[in-house]
Amino acid sequence: MELIIQIIAGLVGGNLAGMGLKNANLGTAGNSAVGAAGGALGGILMGMLGGDAGAAAAGLDLNAIIQSVAGGGVGGAVLTAIVGLLKKTLAK
């Protein structure tokens, strides 16, 4: 369940990053795809760095949900910004 929350949060984070950083905008579909992937990776990394969202498999508590949203949203935004800026740089 955490992975689904992370992917959705990453999708939202990717689209927000695309709207906020016009230089890194990949379009709605691109922002969504990269954001979802970044959300999954961000959530996994956050869990590895000391978060315990993965260990809450017995039941989703508020801590696990907040961690999944934060890790997924930030991961989606960061990966979207990186990919967008790389795409712009390589297009020159």
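No continuous path of hydrophobic side-chain contacts links I82 to L45 [ILVMFWY only; heavy atoms under 4.5 Å]. Under the 4.5 Å side-chain heavy-atom criterion for ILVMFWY residues, a single connected hydrophobic cluster contains both M19 and V12.
In this structure, OG1 on T80 lies 12.0 Å from NZ on K87, to the nearest 0.5 angstrom. Considering CD1 of I66 and CG of N63, their distance stands at 6.0 Å, rounded to 0.5 Å. Note that CG of D61 and CD of Q67 are 9.5 Å apart. Values are rounded to the nearest 0.5 Å.
Nearest heavy atom pair, residue A24 against residue A81, reads CB-O, 3.8 Å.
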Please tabulate, one pair per line, all N/O donor-acceptor pairs under 3.5 Å involving side-chain atoms of residues 25-32, not counting sequence neighbours.
| residue | atom | partner | partner atom | Å |
| --- | --- | --- | --- | --- |
| N25 | OD1 | G27 | N | 2.9 |
| N25 | OD1 | N31 | ND2 | 2.8 |
| N31 | OD1 | L26 | N | 3.0 |
| N31 | ND2 | G27 | O | 3.2 |
| S32 | OG | N15 | ND2 | 3.0 |
| S32 | OG | T28 | O | 2.8 |

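The other members of the hydrophobic cluster of L3, by chain and number, are I7 (side-chain heavy atoms under 4.5 Å, ILVMFWY only).
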